[in-house]
Amino acid sequence: MFKSFYPYEHVIDYRKLYNMGYKGIIFDIDNTLVHHGENSNPAVDQLFKDIHQIGLKTILLSNNCDERIESFLKNIDVPFISNANKPKTDNYYKAVRMLDINVTEAVMVGDQLFTDIYGANSCRMPNILVNYMRYDDEEKIGIRRHVEKSLLSLYKKNKSYQNRLGDIQLKG
């Protein structure tokens, strides 16, 4: 019943993904790559350089407006789709077309079960859930995060839905 919300993976070794035949990564921004509303930083800039050197294409898929995404992309040259209306699938498919690859060659990376993961699963697109970024002193989290936590506990008990991309875990 909940499998539409279950991610394929949790941790990423981008080289392994490339070696498995994946050609593109679709990223969410806020709480996936940086804290909500923050711009990119040197570590994220380097991540994109490393991913591109491996040979993977990247695109951002965000429910944010153009201005937010453009400020994030100050030092990164990748295409984006703003106001994506995730989890609706139209812009997931558009992102794949913009990367000039097939859905089966793309992986969605995001922090939210109800937008990023559900939308990708609706397209039958492999996906990776990352732990959402929080500041250590943040105490309040939304009700959606509490529901996600419950779903993830069910996911952890259901081994058949885990590691569906194979051995892509980053070692060490």
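If you read the sequence from its start, that first residue is 1, and numbering goes on from there.
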Once rounded to the nearest 0.5 Å, what's the spacing between atom [atom1] of [X] and atom [atom2] of [Y]?
X: Ile51; Y: Phe27; atom1: CD1; atom2: CZ; answer: 3.5 Å
X: Arg15; Y: Gln53; atom1: CZ; atom2: CD; answer: 9.0 Å
X: Asn91; Y: Ile81; atom1: CG; atom2: CD1; answer: 5.0 Å
X: Ile25; Y: Leu61; atom1: CD1; atom2: CG; answer: 13.5 Å
X: Asn64; Y: His36; atom1: CG; atom2: NE2; answer: 6.5 Å
X: Ile54; Y: Leu17; atom1: CD1; atom2: CG; answer: 8.5 Å

### Task
Specify whether Phe48 and Phe72 have parallel, tilted or perpendicular ring planes, treating 30° as the upper limit for parallel and 60° as the lower limit for perpendicular.
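Correct class here is perpendicular.
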
Is there any salt bridge (Lys or Arg N to Asp or Glu O under 4.0 Å) pair reaching into [range], and which pairs are they, with sequence neighbours excluded?
range: residues 65-75; result: Asp30-Arg68
range: residues 89-106; result: Lys23-Glu105
range: residues 77-89; result: Asp28-Lys86, Lys86-Asp116
range: residues 44-63; result: none

[X] versus [Y], closest heavy-atom pair with distance:
X: Ser82; Y: Cys65; result: CB-C, 3.9 Å
X: Pro79; Y: Met98; result: CB-CE, 3.9 Å
X: Pro126; Y: Ala106; result: CD-O, 3.4 Å
X: Arg124; Y: Val103; result: O-CG1, 3.9 Å

### Query
Does anything in residues 75-101 pair up under ring-ring contact (aromatic ring centres under 6.0 Å, His included), and if so which pairs, sequence neighbours excluded?
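Not a single pair qualifies under ring-ring contact (aromatic ring centres under 6.0 Å, His included).
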
Side chains of [X] and [Y]: does their closest heavy-atom pair fall under 4.5 Å?
X: Leu73; Y: Ser40; result: no
X: Leu56; Y: Val107; result: no
X: Ile59; Y: Val78; result: no

### Query
Looking at residues at least two apart in the chain, or sitting in another chain, which of them share a side-chain hydrogen bond (donor to acceptor under 3.5 Å, both in side chains) with Thr89?
none

#### Entry: Candidate pair Leu33 and Leu60, rule side chain to side chain contact (heavy atoms under 4.5 Å, CB included), full reasoning
CA-CA 10 Å; Leu33 293 168; Leu60 301 179; 4.1 Å; yes

### Query
Is there a donor-acceptor pair under 3.5 Å between the side chain of Asn63 and the backbone N or O of Asn83?
no

### Task
Without swapping roles, check the side chain of Asn41 against the backbone of Ala43 for a donor-acceptor pair under 3.5 Å.
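Yes, Asn41 side chain to Ala43 backbone: donor-acceptor pair under 3.5 Å.
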
### Query
Between Asn39 and Val44, is a side chain to side chain contact (heavy atoms under 4.5 Å, CB included) present by the stated rule, with each step listed?
CA-CA 10 Å; Asn39 291 333; Val44 173; over 6 Å; no

### Task
Please report the C-alpha distance between Tyr14 and Thr58 in whole Å, then the side-chain angles of each, then the deciding distance to 0.1 Å, and finally whether the side chain to side chain contact (heavy atoms under 4.5 Å, CB included) criterion is met.
CA-CA 12 Å; Tyr14 294 102; Thr58 58; over 6 Å; no

